[in-house]
Amino acid sequence: MITTDLHLKSPKGWINDPNGFIYYQGKYHMFYQHYPHATHWGKMHWGHALSTDLVHWEHQNIALYPSVTEDQHGCFSGSAIEHDGKMYIYYTGIYLPGYEGQDLPRKKPDTVLQSAQLMIVSEDGMSFDNEHGKKVIIPALTDPEIGNISDARDPKVWRGKDAWYLVFGTTTPEHYGQLNIFKSEDLENWTFAGKTSTKDRGWMWECPDYFETKGGEAVIFSPFGLDIDILPAAQTLCMTAHFDEETCSLTLSDKFDYIDYGKDIYAPQSAVDKDGNRVLFAWIRMPAPINDSWIGALCLPRVVTVENDRVKFAVHPNVYENFVPLTEETPDFVNGKYMLQLTLDEGSSISLGGYRIFLENHRLKTDRSEGFPENVSWDTFAETPEIIGECHLEIFIDGPIIEIFVNKNEASVTQVTYGRTEKLELAEAKDVQIFQFR
Ligand code: FRU
């Protein structure tokens, strides 16, 4: 079996969103959007990996693949829950009538893409009866007042007090993002129960997640067309929320934040870990492959809390357990795994082999333009909102992937870097400590 650690990386080919993340019968199961045949997006399968600590992963066989009419052009994103010892998976099936090709185009002019919501139940979380075990629970939508036939996807299921609930993202007839809520008593029969929309957060809300965590309730989704309407736009929003089970109404706060400021993080999904923490993973959308065999990774596990009406993300404690003070005589800061702890003063700047991190106007800013592939049009600068008080950084390096956490959970910047050299320039930083992955 292929293993991967610190960051869950694609075993081969392409991966995008985390799917079906669950702690199930003593193990963490992570599924992910997967196109095994090339380093680009294609007809979606669900890859599968297992972990006991959220840090070391073992890739498994492909779990879901297109096998019925409703998902013949892709098994899109979805979620998992446990009930009576079984694993229930909910996902979006994509069907483009008349289309025979391998690599699904996002839109085809002469037929309408159909998005249905499907389920499949596994006895053990390891075997999935793709041929006979799939069931359509919510057919492609035909009433635009409920949602859009093509853009309706990524069901996330949770247990309420008296029933099961499912949320997916769609778009209104006026082209605003919308979340639809469905309700079920038995996990198989689902009825439309409510919807919510706002006019200020883009037009299609992908991969919605609703949950309760320490400090409150939250909603997260990845909108299309918030600041810019072109891909790549790896923006994901978080906001506090309230779900009223009596009326099935989901109320979203007027304020929202980005879950990360690096512009490479998208389509997150959360679940509860074995200690009761709400933990989130997201897709690190790599601007270009590092080599020609794989592309795509998931970010570090992040513990999600609500503090003062804001959703916060901190590195999961299991990650720290894997770092020890640096003893290597010739550390490999280009390919290896390290954690740096340091403090930056206003106006100071450091460089990790050409990747610049600096504090300017009390905002943490990064510049990855040095060494960045010239033919890739992607944002190379990033900046956080204003940092209040001191600026303590934890910087995780895993080969090309860099994740920076400011003051534990004040803000994060996750970015893929290219062409970094070995040279660390840290003279302007204070209290520097370097750790290696054990
Ligand atoms: C988000 C997304 C989801 C969809 C999946 C397809 O990255 O577009 O909305 O289900 O990826 O791979």
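Worth knowing before you read on, the calculation uses all heavy atoms, side chains too, and leaves out hydrogens, waters and symmetry mates. Order of listing sets the numbers, starting from 1, for every ligand and every atom in it. All residue numbers refer to positions in the sequence shown, counting from 1. All values derive from a computational prediction rather than experimental measurement.
Applying the 4.0 Å criterion to heavy atoms of Met44 picks out, from ligand 1, the atoms 12 (O). In summary, the atoms of ligand 1 found under 4.0 Å from a heavy atom of Gln33, numbered by their order in the structure, are 5 (C), 6 (C), 12 (O). Within ligand 1, counting atoms from 1 as listed, the ones closer than 4.0 Å to a heavy atom of Ser77 are 5 (C), 10 (O). Under a 4.0 Å criterion applied to the non-hydrogen atoms of Asp154, ligand 1 contributes the atoms 3 (C), 4 (C), 9 (O), 10 (O).
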Quiz prompt | Phe76 and Tyr91: CA distance, side-chain angles, deciding distance, ring-ring contact (aromatic ring centres under 6.0 Å, His included) verdict | solution = CA-CA 6 Å; Phe76 273 20; Tyr91 71 100; 9.7 Å; no
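Ligand 1 has at least one atom lying under 4.0 Å from a heavy atom of Asp17.
In this structure a side-chain-to-backbone donor-acceptor pair under 3.5 Å is missing from Asn308 to Arg310.
Looking at ligand 1, you won't find any N or O of Tyr266 less than 3.5 Å from one of its N or O atoms.
Using modelled atom types and a 3.5 Å distance limit, the side chains of Gln415 and Tyr355 yield a donor-acceptor pair. Side-chain contact, Asp17 with Ser77: a donor N or O sits under 3.5 Å from an acceptor N or O.
For His48 and His59, the gap between ring centers reaches or exceeds 6.0 Å.
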